[in-house]
Amino acid sequence: MNHIQYLFHIAYQEFDVQSSEDNPYLAGTVRYQSTENEYVKSEKQYTNAKDFTTVLNFYNKDKEVIYTYQNTGKEDGQLVQSIIHQGMSRSSNGGSEAARDPYINVTALFYDKLDIDVKLDVDEEHKVVTIRMNKAEAR
């Protein structure tokens, strides 16, 4: 979940851009100022001495839980959705079905829980994705 952790750092502006002369299409590379704030934590919840489920907790800057997901590999009907992999299937119990993988809808998570708009711009020609995050009052 480190990749989502980095998005929280960007949302809270806990980074700076180190300029680079190498790639004329990029302003530089992102350097994270502080990694001491943990916005995503994984926790085991035991049902007995042997069995457990993994729970993902998401925190805001004030260290308050903003969202919890029991990592079952299935969508939760809220912010976890599934991607169907075109042309791939998975077998289980003698049958097979389309391969589905869960993902957290970060755009909805940030909008609903942090009041941050996330916009993605894709530049196909230059192969660059630009992420813009704005607080609600800046909309």
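Side chains are part of it too, since the values below use all heavy atoms of this structure and drop only hydrogens, waters and symmetry mates.
- When all heavy atoms are compared, the tightest approach of Asn60 to Asp62 is OD1-N, 2.9 Å.
- Here the CD-CZ distance, from Gln13 to Phe15, works out to 6.5 Å after rounding to the nearest 0.5 Å.
- The OG1 atom of Thr68 sits 10.0 Å away from atom CD of Gln78, with the distance rounded to the nearest 0.5 Å.
- Taking the six-membered ring where the residue is Trp, the centroids of Tyr59 and Tyr67 are separated by 6.0 Å or more.
- Shown here for Asn48 and Lys50, the closest heavy-atom pair between the two residues is OD1-N, 2.8 Å.
- Here CD1 of Ile66 is found 10.5 Å from CG of Asn57. Values are rounded to the nearest 0.5 Å.
- Between Asn37 atom CG and His9 atom NE2 the span is 6.5 Å, to the nearest 0.5 Å.
- Among all heavy-atom pairs drawn from Lys135 and Leu114, the shortest one is NZ-O, 3.2 Å.
- Looking only at side-chain heavy atoms (C-beta outward), Thr53 and Lys44 stay at 4.5 Å or farther from each other.
- Taking the centre of each ring, Tyr39 and Phe58 stay at or above the 6.0 Å mark.
- Tracing side-chain contacts under 4.5 Å through hydrophobic residues (I, L, V, M, F, W, Y), one never reaches Val55 starting from Ile104; they form parts of separate clusters.
- With hydrogens and angles disregarded, no donor-acceptor distance shorter than 3.5 Å links the side chain of Asp123 to the backbone of Lys127.
- Side-chain contact check for Glu38 versus Val40: every heavy-atom pair is 4.5 Å or farther apart.
- Between the CG atom of Asn134 and the CD1 atom of Ile116 there is a distance of 9.0 Å, given to the nearest 0.5 Å.
- Between Phe110 and Phe8, a ring centre-to-centre spacing shorter than 6.0 Å is recorded.
- Nearest heavy atoms, Leu79 versus Ala108: CD2-CB, 3.6 Å.
- Under a hydrophobic-cluster definition in which Ile, Leu, Val, Met, Phe, Trp and Tyr are linked whenever side-chain heavy atoms come within less than 4.5 Å, directly or via other members, Ile131 and Tyr32 are assigned to the same cluster.
- In terms of hydrophobic clustering, with Ile, Leu, Val, Met, Phe, Trp and Tyr side chains grouped at heavy-atom distances under 4.5 Å, Val80 and Val65 are assigned to different clusters.
- Residues Gln45 and Glu43 form a side-chain contact, since some pair of their non-hydrogen atoms from C-beta on lies under 4.5 Å apart.
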Check: Yes or no on side chain to side chain contact (heavy atoms under 4.5 Å, CB included) for Lys113 and Glu64, after CA distance, side-chain angles and deciding distance?
Finding: CA-CA 11 Å; Lys113 306 299 182 181; Glu64 300 166 329; over 6 Å; no
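- Tested against Val118, the residues Thr107, Asn105, Leu109 include a single side chain to side chain contact (heavy atoms under 4.5 Å, CB included) partner, Thr107.
- Using a 4.5 Å heavy-atom threshold, the side chains of Met133 and Asp117 count as separate.
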